[in-house]
Every structure is written in structure tokens, then in C-alpha cells.
Asker: 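Quick one: the structure is below, and I'll ask about it shortly.
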Amino acid sequence: MIAIYTLWLRELKKYFRSKSRIIGSLGQPILFLVALGFGLGPVFQKAGQGNYIQFLVPGIISMSILFLAVFSGISVIWDRQFGFLKETLVAPVPRWQIMLGRTLGGATVAIMQGFIVFGISFLAGFKLANPMALPITLVFMALIALIFTALGTAIASVLEDMHGFQLIMNFLVMPIFFLSGALFPLTNLPKALNIIVRLNPLSYGVDGIRATLDGFSQFGLMTDFWISIIAVAILISIGSYLFSKIQV
Amino acid sequence: MEEDIIKIKNLVKKFGDFTAVDDITFNVKKGEIFAFLGPNGAGKTTTIKMLTTLASPTSGTILINGYDPTKQQEETRESFGIVFQDPSLDDDLTAYENLDMHGMLYKVRKKDRRERIEQLLNFVELWDRRKDLVKHFSGGMKRRLEIARGFLHHPKVLFLDEPTIGLDPQTRNHIWNYLKKMNQEEGTTVFLTTHYMEEADKVCDRIAIIDHGKIVAQGTSEELKAKTNTDYLEDAFLALTGTAIREEAVKNQAMSGRARAWRR
Ligand SMILES: Nc1ncnc2c1ncn2[C@@H]1O[C@H](COP(=O)(O)OP(=O)(O)O)[C@@H](O)[C@H]1O
Ligand SMILES: [Mg+2]
């Protein structure tokens with residue numbers, strides 16, 4: 001178990017040491033919050049959907065967690081190139097523990113980033129509907145963070161170098177974000193889109209966060225929770241399997 | 001009674017059509033210092049990777065401390081320590097943190113960890129720099145830190161892949177003395193690869209000369225010299241491997257993504 005703690009601690013140390021990474025990864029969520037929140041707000045209101053900032057903030061929190069989580073998972077590739085990965089692969093501990101430590105660390109970092117964005121959203125006029133539900137919000141933030149750190153780790157375990165990174169960002173992470181209900185309500189969607197959204201694990205995390213922060217839920221909190229839990233279990237299993245098969 | 005702590009039989013590693021390790025067989029006795037001596041691209045690092053669970057063999061059998069690295073990975077990993085040829089430190093952590101993390105992964109108790117880290121950092125003359133991030137270190141300092149890390153816990157078998165490359169003669173000498181002491185006092189079996197013939201000659205009990213993935217000769221330094229009718233190990237080495245200069249097989253290396261990344 002000390003191996004899990006060791007790798008978890010490493011992720012945290014690296015996060016707190018790179019101020020540019022913390023600030024850099026705030027840029028995108030803030031941009032989305034301002035440009036979309038204020039830009040589309042009036043349209044949203046006219047369409048009878050209420051306050052767009054209230055609707056958008058859960059989506060932007062999820063987005064910041066998603067991106068940082070995938071990024072943390074993908075860092076396996078960096079460690080492979082800079083050589084540190086070997087050091088952990090020969091350590092006398094089961095490789096799933098190494099993977100789990102990395103994943104928990106990456107997820108913790110992503111959750112903290114989510115909180116920073118959460119804090120900033122109040123500056124944009126976000127209002128908390130029900131403070132009592134905050135612990136449940138945290139649960140969903142953690143679930144999103146775990147799902148996507150594990151996904152990043154799984155992908156990085158089968159990639160040899162950074163060449164595929166852009167491909168993954170454009171053809172996996174961006175679609176996961178845009179097709180999740182983070183930005184728009186899931187009512188009256190075209191059928192094909194609706195199916196994609198329902199297959200996307202992020203949709204349930206976003207919905208869970210929105211349910212607890214704004215009181216509105218599309219799928220129901222229990223559905224959100226169980227589907228997210230199942231996604232965590234599946235991705236951590238796949239991730240640790242692929243991680244344990246890495247050869248250098 | 002187990003006498004041979006490393007037993008390798010008909011070991012082969014292919015990358016596509018290219019055979020990097022070509023049917024090698026050898027044993028290393030418990031408590032021995034054993035060297036793999038060979039030109040660039042001979043297959044030394046690839047062999048070590050297979051012995052240390054980092055790569056799976058194409059065929060052949062391996063036993064490390066009685067365990068098969070392809071099946072009993074954890075037991076095998078419990079049995080050895082390693083100093084890699086390529087860098088393997090975390091540049092974003094300090095020197096101290098790198099060693100501390102290693103100690104934690106290898107379950108060295110906190111108190112022992114502190115003592116040993118201080119002792120080893122002093123030994124490689126990096127104690128004053130312990131709080132500096134490794135990314136600010138020079139190549140030689142990083143190398144010394146890697147070696148210190150390799151000595152932090154006390155495994156049954158210690159693998160050292162070109163450990164002293166890029167170090168000055170004083171430091172090299174220093175490190176070989178430490179290694180000899182560790183070998184004598186704790187009975188650690190040492191498996192190393194090196195380019196430096198005098199080192200192999202001076203430090204090692206037995207030597208295997210490897211070329212093009214094949215073991216061309218093995219024995220004590222004396223036996224190798226007698227076999228080739230030479231007075232120096234270097235001459236024996238040249239007699240056995242020829243004098244042609246070896247480039248690492250560039251064509252083959254280009255196939256590996258990792259190698260590509262390294263070259264940039
Ligand atoms: N992952 C790989 N893919 C393809 N070829 C490789 C790979 N790793 C090593 N090789 C090739 O195998 C040969 C042996 O390499 P190596 O074991 O590193 O030699 P040494 O350590 O003796 O210098 C070299 O020709 C090298 O280019
Ligand atoms: Mg080598």
C-alpha cells in the first residue's frame with residue numbers, strides 16, 4: 001500500500017511545483033465560462049431555458065477535471081521518454097498498485113483544479129442552489145477525475161511516444177467534452193446525438209454535478225452515480241491491465 | 001542447495017527480423033561479480049531488460065534467484081536491484097526525494113531510509129545538493145545519483161548497466177570499491193556490463209564476452225587471456241570480437257519509437 005501512497009504523493013508534489021501548469025490549465029475553462037456564459041446567455045434565456053451561467057458552470061467544472069485528468073494519465077508517456085517509468089516498473093510491488101497510485105494522484109490533482117474553477121465561477125455570478133448537496137458534488141467530481149485519469153493511463157500504456165497525443169485530444173477528449181451535455185441541455189436532441197451522449201460516461205458525471213449544484217437532473221442522481229461507478233471500475237481495470245503489460 | 005543465482009538457457013530476443021540476443025546460455029554463481037563485456041549494440045541492455053521483467057524473451061528460459069521473470073514477476077523484482085544505462089530519475093523532484101521515493105517503493109523503513117540516504121548522498125558528494133531539483137544537475141551528478149539510488153536497498157542480485165559511463169576516474173574507483181565491499185560484506189551478486197576493460201579485469205570474478213547477440217567466450221580474465229594467447233584483457237577482447245568499429249544497428253533502432261524519441 002505504501003507504493004500507492006508514494007506514487008500519489010509524487011503527482012501532488014509535481015502539481016504544486018508547476019505553477020505554470022496550474023495557471024495554464026485554468027485558461028481554457030475561464031475562456032469558455034466568459035465567452036459562452038456571457039455570449040450565449042441571452043439566447044439561452046430567450047429560449048426559455050433560464051440562466052445559462054447556472055447551467056454552464058457544472059459543465060465547465062467537469063471540463064477542467066476532464067482535461068487535467070486525461071493529461072495526468074497521459075503523463076505515463078512522458079515518464080517513459082524521460083526514463084522514470086522503468087524505475088517504477090522494476091519496483092518490487094504489483095504494477096496495479098503503481099497504476100492505482102498514479103491514478104489516485106492524477107485524480108486528486110484534477111479535483112483540486114475543479115475546485116479552483118468552481119471558486120472562479122462565483123465571480124461570474126454563479127449561485128449555489130443547495131449547499132447541503134456539496135459533498136455529493138465532490139463525489140461526482142471524484143468519479144469524473146478517476147474515470148478519465150484511468151482512461152489517460154490506459155491510452156498512454158499502449159502508446160510509445162507523444163505522436164498520438166494530438167490525435168487523442170482531437171478525436172477523443174474534445175468529443176467527450178462537447179458531446180456530454182456540458183454545454184447544452186439534452187432535451188430534444190437528434191436521435192444519433194442522443195445515443196452518443198448516453199454512451200459517454202462524462203454525461204452522467206456532468207449530470208450528477210448539475211443535479212447537486214443547480215437542482216436539475218436529466219438522468220436521475222442514482223443513474224448518474226451507478227453508471228459513473230461502473231465506468232470507474234471498468235477503466236481502472238483496463239488501465240491497470242494495460243499498464244502491467246508495458247515493456248520498455 | 002542453489003549455487004547458481006542466475007541461470008540463463010538458450011535465451012533469444014528478436015525485434016521483427018532482427019535478432020538482438022541470439023541463443024545465449026550462462027550461469028552466475030551466488031556472490032559472484034559477473035561482467036558482460038561487449039561492443040555497442042551487442043545485446044547487453046536487451047539481456048538485462050529480459051532478466052529484470054522489463055521485456056519478454058522471444059524464447060529460452062531465465063531463472064533469477066529461483067524465479068522465472070516471465071511468470072513470477074513480483075518474486076523476481078523482490079530479488080534484484082538495478083542501475084539503468086539510460087536516465088531514470090524524476091527531474092521534477094529533488095535528489096533527496098528521488099532516493100526517498102525509491103526507498104519507499106523498496107520498503108526500506110523510514111529511519112533506515114534517512115540514514116542510508118544521508119550516507120549515500122555523502123558518498124556520491126551530493127548531500128549539499130540534496131534539496132535541488134534533479135533537472136538542474138549535470139550529467140555526471142545525475143549518474144552519481146542513479147548509482148546512489150541503486151545502492152539504497154540491499155538486493156540479492158544487483159544489475160549495473162554501464163554504471164560508470166561518463167564518470168571521472170576517481171569517482172569510478174570510489175564506486176568500484178564500494179561495490180566490492182558490498183559484495184564481500186553482504187554477499188550481493190553483481191551482474192554488470194561495461195566498456196572499461198581494466199575495470200572488468202580488476203573487479204570481476206568472471207566475464208562473458210558478447211558480440212552480435214552471441215556469447216563468444218566466457219571465463220575468468222586469466223582464462224580468456226590464456227585462450228587467446230594475450231597478456232591484456234583488451235587484447236583478448238579484440239581477438240575475440242575483431243577490430244571493426246561497431247555502429248549500433250541504426251536501421252533496427254529506427255524501428256523502435258523509443259529510440260526515435262531519444263535521438264531528437
Ligand atoms: N526496442 C527495440 N527495437 C528494435 N531494436 C532494438 C530495440 N532495443 C534494442 N534494439 C537493438 O538491439 C541491439 C542490441 O541493443 P542493446 O541491447 O541496447 O545493446 P548494448 O546494450 O549491448 O549496447 C541493437 O542493435 C539495438 O539497436
Ligand atoms: Mg547497453
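Letters go in sequence order (proteins before strands), and every chain restarts at 1.
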Asker: Near A/W226 CH2, under 6.0 Å, is it more than 12 heavy atoms from other residues, nucleotides or ligands?
Answerer: no
Asker: What's the shortest heavy-atom distance between B/Y106 and A/V90, and which atoms?
Answerer: OH-O, 3.6 Å
Asker: For B/M101 and A/F84: C-alpha separation, side-chain torsions, deciding distance, then whether side-chain contact (heavy atoms from CB on, under 4.5 Å) applies.
Answerer: CA-CA 12 Å; B/M101 195 163 59; A/F84 178 75; 3.3 Å; yes
Asker: What part of A/L159 gets within 4.5 angstrom of chain B, counting heavy atoms only: side chain, backbone, both, or neither?
Answerer: neither
Asker: Is the number of heavy atoms from other residues, nucleotides or ligands under 6.0 Å of A/R17 CZ greater than 12?
Answerer: yes
Asker: Please flag which part of A/I98 lies under 4.5 Å from any non-hydrogen atom of chain B: side chain, backbone, both or neither.
Answerer: side chain
Asker: Non-hydrogen atoms of chain A under 4.5 Å away: do they reach the side chain of B/S56, the backbone, both or neither?
Answerer: both
Asker: Determine whether A/R95 and B/T53 satisfy the following criterion, side-chain contact (heavy atoms from CB on, under 4.5 Å), listing intermediate values before the conclusion.
Answerer: CA-CA 11 Å; A/R95 284 203 184 157; B/T53 75; 4.0 Å; yes
Asker: Picking from B/H153, B/E74, B/Q73, which has the most non-hydrogen pairs under 4.5 angstrom with chain A?
Answerer: B/E74
Asker: Atom OH of residue position A/Y5 - does it have more than 12 heavy atoms of other residues, nucleotides or ligands inside 6.0 Å?
Answerer: no
Asker: State plainly whether the residues A/E87 and B/R77 are in salt-bridge range, i.e. N to O under 4.0 Å.
Answerer: no
Asker: Contact between A/K13 and B/L93 at the side-chain level, heavy atoms closer than 4.5 Å - yes or no?
Answerer: yes
Asker: Is any side-chain heavy atom of A/F82 less than 4.5 Å from a side-chain heavy atom of B/L89?
Answerer: no
Asker: At a heavy-atom distance under 4.5 Å, which candidate from B/I82, B/L105, B/T52, B/L54 has the highest pair count against chain A?
Answerer: B/L54
Asker: Given 3.5 Å as the limit, does a donor-acceptor pair link the side chain of B/K49 with the main chain of A/Q247, or not?
Answerer: no
Asker: Got a second to check how far B/S88's OG is from A/L89's CG, nearest 0.5 Å?
Answerer: 11.0 Å
Asker: Are B/D90 and A/K14 ion-paired here, with the side-chain N under 4.0 Å from a carboxylate O?
Answerer: yes
Asker: Between the side chain of B/K107 and the main-chain N/O of A/P92, is any donor-acceptor distance below 3.5 Å?
Answerer: yes
Asker: Please report the interatomic distance OG1(A/T6) to CD(B/E97), rounded to the nearest 0.5 Å.
Answerer: 12.0 Å
